[in-house]
Colleague: 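Take a look at the following structure, please.
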Amino acid sequence: MTETSETRRASCHCGAVVIEALFPRGLASAARCTCSFCRRRAAATATALAETVTVLKGTGNLTLYTWGTHTAQHYFCKTCGIYTHHRRRSNPEECGVNLGAIEGVLPWEMEPLPYSDGINHPSDRDPG
């Protein structure tokens with residue numbers, strides 16, 4: 001997969017939420033995360049620049065989930081429950097966009113995907 005910057009749209013299952021974002025590495029950034037939340041939801045993501053994520057439809061239909069440091073912000077459709085995107089704890093200037101929600105993407109065709117280490121996150125380490 002080539003690393004070409006591209007803008008793509010993603011949507012939830014019921015179509016109430018539609019977002020658009022710039023993916024600086026295109027879909028070559030697709031990966032999974034091992035953190036306690038991502039391993040439970042099992043959704044692979046592609047990396048977008050947070051400042052470019054635009055909700056084109058359904059702002060009022062998004063719900064937010066955070067925990068711990070509250071740096072990571074995970075957004076879901078209130079109607080169908082599909083996770084669309086999240087602001088990353090590892091780099092708040094980035095968003096992970098649900099690979100399965102991106103228009104025209106068949107995630108299983110991209111397997112195997114690499115994993116990023118979300119378990120041993122620097123924010124969780126004792127600074128002392």
Side-chain angles (χ1 to χ4, degrees):
M1 179 142 306
T2 61
E3 291 193 20
T4 303
S5 177
E6 57 186 299
T7 298
R8 288 186 165 250
R9 287 187 178 190
S11 62
C12 65
H13 186 258
C14 71
V17 175
V18 178
I19 66 171
E20 185 174 77
L22 174 67
F23 297 83
R25 294 179 47 217
L27 298 180
S29 64
R32 297 183 185 281
C33 176
T34 62
C35 80
S36 62
F37 189 67
C38 290
R39 79 168 185 257
R40 285 172 172 83
R41 87 164 165 234
T45 64
T47 301
L49 298 176
E51 66 185 18
T52 71
V53 175
T54 304
V55 179
L56 301 175
K57 178 182 172 188
T59 302
N61 217 54
L62 283 172
T63 190
L64 172 65
Y65 177 71
T66 67
W67 78 99
T69 64
H70 302 287
T71 304
Q73 299 172 335
H74 297 260
Y75 293 91
F76 298 82
C77 172
K78 290 180 185 179
T79 303
C80 65
I82 294 297
Y83 149 73
T84 54
H85 66 290
H86 74 282
R87 184 175 293 264
R88 292 203 165 127
R89 177 173 70 150
S90 60
N91 181 352
E93 294 180 7
E94 293 179 347
C95 278
V97 177
N98 180 348
L99 196 59
I102 299 172
E103 292 178 0
V105 174
L106 303 174
W108 56 89
E109 291 183 351
M110 299 176 71
E111 295 289 356
L113 291 170
Y115 280 80
S116 62
D117 184 359
I119 294 172
N120 299 299
H121 192 277
S123 296
D124 297 334
R125 294 192 187 115
D126 183 2

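Numbers for residues simply follow the sequence, beginning at 1. These numbers come from the heavy atoms of this one structure, side chains and all, not from hydrogens, waters or symmetry mates. All figures in this text were calculated on a predicted structure; none of them were measured in a lab.
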Colleague: Check whether F23 and V18 end up in the same hydrophobic cluster, where Ile, Leu, Val, Met, Phe, Trp and Tyr are linked by side-chain heavy atoms less than 4.5 Å apart.
Modeller: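 Each belongs to a different hydrophobic cluster.
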
Colleague: Taking the side chain as C-beta and beyond, is there a heavy-atom pair between V55 and T84 under 4.5 Å?
Modeller: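 The answer is no, as the side chains (C-beta and beyond) never meet within the 4.5 Å cut-off.
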
Colleague: Just verifying a value: how many Å separate H74 NE2 and Y65 OH, rounded to the nearest 0.5 Å?
Modeller: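 Nearest 0.5 Å value for the NE2-OH distance: 8.5 Å.
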
Colleague: Is I82 linked to V97 within one hydrophobic cluster, defined over Ile, Leu, Val, Met, Phe, Trp and Tyr using a side-chain heavy-atom separation of less than 4.5 Å?
Modeller: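 Each belongs to a different hydrophobic cluster.
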
Colleague: For H86, check side chain to side chain donor-acceptor pair (under 3.5 Å) against everything at least two apart and list the hits.
Modeller: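 Result, side chain to side chain donor-acceptor pair (under 3.5 Å) vs H86: Y83.
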
Colleague: P107 and G100: which non-hydrogen atoms are nearest, and at how many Å?
Modeller: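 Reported closest heavy-atom pair: CG-CA, 3.6 Å.
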
Colleague: Restricting to side chain to side chain contact (heavy atoms under 4.5 Å, CB included), what partner residues turn up for C77, sequence neighbours left out?
Modeller: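 Only C12, C14, A16, V17, N61, T79, C80 meet the side chain to side chain contact (heavy atoms under 4.5 Å, CB included) criterion with C77.
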
Colleague: Check the hydrophobic clustering (I, L, V, M, F, W, Y; side-chain heavy atoms under 4.5 Å; chains of links allowed) and say if W67 and F76 are grouped together.
Modeller: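 Yes, W67 and F76 fall within the same hydrophobic cluster.
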
Colleague: Excluding sequence neighbours, so at least two apart, what forms side chain to side chain donor-acceptor pair (under 3.5 Å) with T71?
Modeller: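 Expected list: T69.
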
Colleague: Please list all pairs passing the salt bridge (Lys or Arg N to Asp or Glu O under 4.0 Å) test where one or both residues lie in residues 92-115, with sequence neighbours left out.
Modeller: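 Sorted result for residues 92-115: R32-E111, R88-E94.
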
Colleague: Under 4.5 Å side-chain heavy-atom separation, chaining through any Ile, Leu, Val, Met, Phe, Trp or Tyr, what else clusters with L22? Say none if it is isolated.
Modeller: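 Once heavy-atom contacts under 4.5 Å are chained together, L22 belongs with L49.
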
Colleague: Can you tell me how far apart CD1 (I119) and SG (C33) are? Round to the nearest 0.5 Å.
Modeller: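 Between I119 CD1 and C33 SG, I get 8.5 Å after rounding to 0.5 Å.
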
Colleague: Go through the structure and list residues passing side chain to side chain donor-acceptor pair (under 3.5 Å) with T63, not counting sequence neighbours.
Modeller: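 T63 satisfies side chain to side chain donor-acceptor pair (under 3.5 Å) with no other residue.
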
Colleague: Which pairs pass salt bridge (Lys or Arg N to Asp or Glu O under 4.0 Å) with one or both residues in residues 5-24, sequence neighbours excluded?
Modeller: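 Listed by first then second residue: E6-R8, R9-E20.
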
Colleague: Please report the closest heavy-atom contact between A28 and E3, naming both atoms and the distance.
Modeller: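 Minimum heavy-atom separation between A28 and E3: CB-CG, 3.4 Å.
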
Colleague: Using a 4.5 Å cut-off between side-chain heavy atoms of Ile, Leu, Val, Met, Phe, Trp and Tyr, which other residues end up in the same hydrophobic cluster as L106?
Modeller: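 Under the 4.5 Å side-chain rule, L106 groups with W108.
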
Colleague: Report the residues that fulfil side chain to side chain contact (heavy atoms under 4.5 Å, CB included) with S29, sequence neighbours left out, ordered by chain and then residue number.
Modeller: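 S29 satisfies side chain to side chain contact (heavy atoms under 4.5 Å, CB included) with R25, A46, T47 only.
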
Colleague: Which heavy atom of A43 sits nearest a heavy atom of N98, and at what distance?
Modeller: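 Nearest pair, atom of A43 first, then N98: CB-OD1, 4.1 Å.
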
Colleague: To the nearest 0.5 Å, how far apart are OH in Y115 and OG1 in T34?
Modeller: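 The OG1 atom of T34 is 9.0 Å from OH of Y115, to the nearest 0.5 Å.
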
Colleague: Any side chain to side chain donor-acceptor pair (under 3.5 Å) involving residues 50-59? Give me the pairs, sequence neighbours left out, ordered by first then second residue.
Modeller: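 Every candidate side chain to side chain donor-acceptor pair (under 3.5 Å) pair involving residues 50-59 fails, so no pair, neighbours aside, qualifies.
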
Colleague: With hydrophobic residues grouped by side-chain heavy-atom distances under 4.5 Å, do L64 and I19 end up in a single group?
Modeller: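 Yes, L64 connects to I19 through the hydrophobic network.
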
Colleague: Once side chain to side chain contact (heavy atoms under 4.5 Å, CB included) is applied, do any residues pair with A30, and if so which ones, sequence neighbours excluded?
Modeller: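 Result, side chain to side chain contact (heavy atoms under 4.5 Å, CB included) vs A30: L99, M110, L113.
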
Colleague: If you look only at pairs with a residue in residues 37-50, which of them pass as a salt bridge (Lys or Arg N to Asp or Glu O under 4.0 Å), with sequence neighbours excluded?
Modeller: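 Qualifying pairs, neighbours excluded: none.
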
Colleague: Could you please spell out the steps behind the side chain to side chain contact (heavy atoms under 4.5 Å, CB included) verdict for R87 and T66?
Modeller: CA-CA 10 Å; R87 184 175 293 264; T66 67; over 6 Å; no

